Structure formats: structure tokens, C-alpha cells
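Quick caveat, the model's predicted, so the values are computed rather than measured. All values below come from the heavy atoms of this structure, side chains included, with hydrogens, waters and symmetry mates left out.
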Amino acid sequence: MKAKIQEKFQTLFGEAGDLYASAGRINLIGEHTDYNGGYVFPGAIDCGIMAEIKVNGTQKVRAYSIDFDEFVEFGLQEEDAPGQQWARYIFGVCRETVKRGGKVEGFDTVFAGDVPLGAGLSSSAALESTFAFALNDIFGNGIDKFDLAKIGQSTEHNYCGVKCGIMDQFASIFGKAGSLIRLNCKTLEYKYFPFKPEGYRLVLVDSCVKHELASSAYNKRRASCENAAAAIRKNHPEVEFLSDAKRVWLDEVRTEIPEEDFLRAEYVIGEVQRVLDVCDALERGDYETVGEMMYQTHFGMSKLYEVSCEELDFLNKLARKMDVTGSRVMGGGFGGCTINLVKDELYDTFIEEAVKQFTEKFGHAPKIYPVVISDGARKL
């Protein structure tokens, strides 16, 4: 990928620039907890976005995407927004940097990625983080890492129409090889936990399906959680988010809220605790408990939060049947991947069976992505 980028940059712009990269991410546990003020537990992975960048002495950005085989030129004022979605990410990062008092002038760039698209590994956050980090470095803006993550998040909100949480950009900026990050989405406090599962491997099995109801269903679940939190708040005013609530407080309002809202809230309160339990288990090197918590999360997402689907439930049941240590749906749900913690000696058999049985049942093969926890945004 690096050689391809450098070759194209030389062809288009003549002189070499500097190389920057950032990572996609996985989330080991802590799903649908971010907008409920709870914990998430992501890590950067060993695939992402790489870009060569050089200041060009104008007020224009000239950008070429190798993956889309497309060249775009745009200015740096609000009215200069490009039409291409991929270019809007770069434009948004420029604008959000300027809004925070940073300097941005025209530059040339060629970039490419090896994050699988549509697998829930957040290629967009990797793209935003690459450019946020690079522009900060090139123009010496001195913007701190938290604000670099927020630049990516604000780009999604203001230029790409996605009201995402902070987790993806945070993991892409703060990622560290061999560590996962426990992030409190309410306070933004974070802590690194070593993740070096000797004797185990992490692998994603991508169902290659995406069911259409994802965005409307997401909004509906968010509303359920807010409704449950509001009911609990009447008795316990200190509850700002659902993550602040104790399970017994939810039981107190069971008759006052729809059953559906109760189930959604039951899942979230349980999931917040599971993240803490997984962190404790990792500090003891207890990967069996980590795996069991992953299975509990899948059960909750399937039966209480109802964001799984037939394909993901099939992969999860197969993993359980084959004695895989841990398995769950990763991401928002309604398709995408399962994330699996697999003993080394079971790995090949599990992958073989997952591909064979899934293909027999659903008529297409899943994609397999081995995962290594790696560094986030950096200059190469």
C-alpha cells in the first residue's frame, strides 16, 4: 500500500511528501453503551488508512483516493465543500481544525486504506484521524489528542450527516499496540489495559449482510433508553444517563414503562457492568471469563436489545458449539461481524467450519479478518 501511494504521489505531484497513518478499530465489549453514558472497550487494529501529504503553497486541497480512483480539488472555505462523500471527510477535518483555531493551508494528498468497508471497523474514523493528526503535525497547531478525536466526530456530525459517538475516533487517535482502552463516554476518562492473549487469537467473522432497518431501529432503541432513564430519574434525580442507574432502580419502574423499554434498559445496565468485569478479568489474565462475558453480551443484544439477526445468531451458536472461548455480535447489529476469542489449537477448525456451515446455510461465504491490536494515529 505504501509503495502504491508513493508512486501515485510522485506521478501526480512530482515531489515526495510525509506519510501518516491511522487505524480502524474493534470493540471487545461495551455495545450501545456509548450514548447511554457508559463504558466502551475498543482498540486500534492493524489495518487502516495511510496518506502522503505535502503543503502546496495555495489555498486549495488536491486529493486523490486510490481506492475510489478519483481526484478532487477543493478550497478551504465553508462554501467549497466537495460533492464526493470521501472528500467531505477530509474537507470536514480541515474546517473543524480551523474552527478550533488551527491553521490549515492548501496541500496535496494521496491516500489508500486496507480497512474492510462495511465490516464495522470504522474506516471513516481512520480517515478522519489520519488527516486530523497530520494537519496538526504539519501546521504545528498543538491541538491535543482529545480535540483531534472530537475533530473527527464533528466532521461526521457536520459534514457527513452521521450523529456518531466518540468511540471510533477516540480509538483511532489513542490506540496503542497490545492494549485496549476503557473509555467512560460520560466523562471521557480512559485507562489502558494490556491485551496480550497468549494461546488465543481474535478473529472477526463477517456475515457480509447489512439489514436495512439499522438507522431507524437505532433511533428507536435510543429513545427507549432515554425513556427508561427518565422514569428512574423521578425516584433517583442523580441519574443523568441510563449507565448511572442500578438494576434494582429499573425494577422499581417496571410497571411504569413499556416492556420493550424495560428490556432495552436491562441490557444496557448489564452491559456497563460486563465491561468492568472484563477489565478485572484481563488484569488477572483470565481470558475464559472475558469470553463468557462476550457470550452474555451476544445473548443480551439478541434477546433483550434485539439488534442481532439470523446470520449472527447462527455464527454465535456455532462458536459456542465448537468451544470457542468467546463470541458476540460487534457493532450496532442487524448484520456485520461477530468478534471471536479463539484458542490457538481450535482456530483453524473453527474458521473452516464457520465458512463451510455458513455458506451451506446462507448461500454465500463469510469473510474472515484476523485482528491484531496496534497503534493509532501516527507519522510514519
Side-chain angles (χ1 to χ4, degrees), residues 24-35 40 42 45 47-48 67-68 85-86 113-126 156 160-165 167-168 201-222 263-264 267 271 294-322 324 326-342 347 350-371:
R25 64 101 194 95
I26 53 107
N27 186 32
L28 188 70
I29 200 159
E31 221 64 81
H32 291 280
T33 48
D34 54 350
Y35 53 84
V40 290
I45 56 173
C47 53
D67 301 326
F68 288 100
Q85 185 69 9
W86 65 263
D114 59 0
V115 194
L117 297 174
L121 300 177
S122 209
S123 52
S124 60
E156 296 270 5
C160 305
V162 180
K163 297 289 178 205
C164 63
M167 174 176 76
D168 297 351
R201 289 194 236 174
L202 262 190
V203 63
L204 304 178
V205 181
D206 183 1
S207 68
C208 304
V209 298
K210 198 72 194 155
H211 294 282
E212 278 315 300
L213 34 23
S215 56
S216 58
Y218 170 90
N219 293 338
K220 211 171 156 213
R221 277 153 187 75
R222 198 165 177 158
L263 293 175
R264 307 303 187 234
Y267 162 75
E271 183 72 348
M294 290 167 75
Y295 278 114
Q296 285 185 26
T297 292
H298 186 88
F299 176 86
M301 284 182 81
S302 180
K303 304 295 182 261
L304 305 175
Y305 222 67
E306 295 182 275
V307 292
S308 188
C309 60
E310 188 190 357
E311 295 90 345
L312 295 169
D313 287 346
F314 178 84
L315 288 168
N316 180 260
K317 279 185 191 129
L318 177 66
R320 182 69 106 171
K321 204 163 73 183
M322 293 189 68
V324 167
S327 176
R328 69 171 191 86
V329 47
M330 188 184 81
F334 305 108
C337 294
T338 58
I339 180 167
N340 304 272
L341 182 64
V342 191
Y347 185 85
F350 169 61
I351 297 304
E352 205 177 296
E353 280 302 307
V355 170
K356 178 170 159 276
Q357 293 193 33
F358 188 91
T359 308
E360 281 169 9
K361 174 124 178 99
F362 297 105
H364 69 270
K367 289 181 179 159
I368 307 297
Y369 303 118
V371 169

How long is the span from the CG atom in Leu304 to the NE2 atom in His32, to the nearest 0.5 Å? 12.5 Å

Tell me every residue that passes salt bridge (charged side-chain N to carboxylate O under 4.0 Å, His left out) with Lys367, counting only those two or more places apart in sequence or in another chain. none

Please say whether more than 12 non-hydrogen atoms of neighbouring residues, nucleotides or ligands are located less than 6.0 Å from CD in Glu352. no

Go through the structure and list residues passing salt bridge (charged side-chain N to carboxylate O under 4.0 Å, His left out) with Arg264, not counting sequence neighbours. Glu260, Glu306

side-chain hydrogen bond (donor to acceptor under 3.5 Å, both in side chains) against Glu353, all qualifying residues, sequence neighbours excluded: Gln357

Set of residues satisfying side-chain hydrogen bond (donor to acceptor under 3.5 Å, both in side chains) with respect to Tyr295, sequence neighbours excluded: none

Applying side-chain hydrogen bond (donor to acceptor under 3.5 Å, both in side chains) to Ser207 and not counting sequence neighbours gives none

Using the test side-chain hydrogen bond (donor to acceptor under 3.5 Å, both in side chains), find all partners of Thr33 that sit at least two apart in sequence or belong to another chain. none

Exactly one of Val205, Val355, Ile368 clears side chain to side chain contact (heavy atoms under 4.5 Å, CB included) with Phe350, and that residue is Val205

Between Pro366 and Ala354, the two heavy atoms sitting closest are CG-O, 4.1 Å

Atom pair CG (Asn340) and CG (Leu315), whose distance is rounded to the nearest 0.5 Å: 7.5 Å

Starting from the C-alpha separation in whole Å, work towards a yes-or-no answer on side-chain contact (heavy atoms from CB on, under 4.5 Å) for Val324 and Leu341. CA-CA 7 Å; Val324 167; Leu341 182 64; 5.8 Å; no

Flag the pair Lys361 and Glu310 as a salt bridge only when some basic side-chain nitrogen lies within less than 4.0 angstrom of an acidic carboxylate oxygen. yes

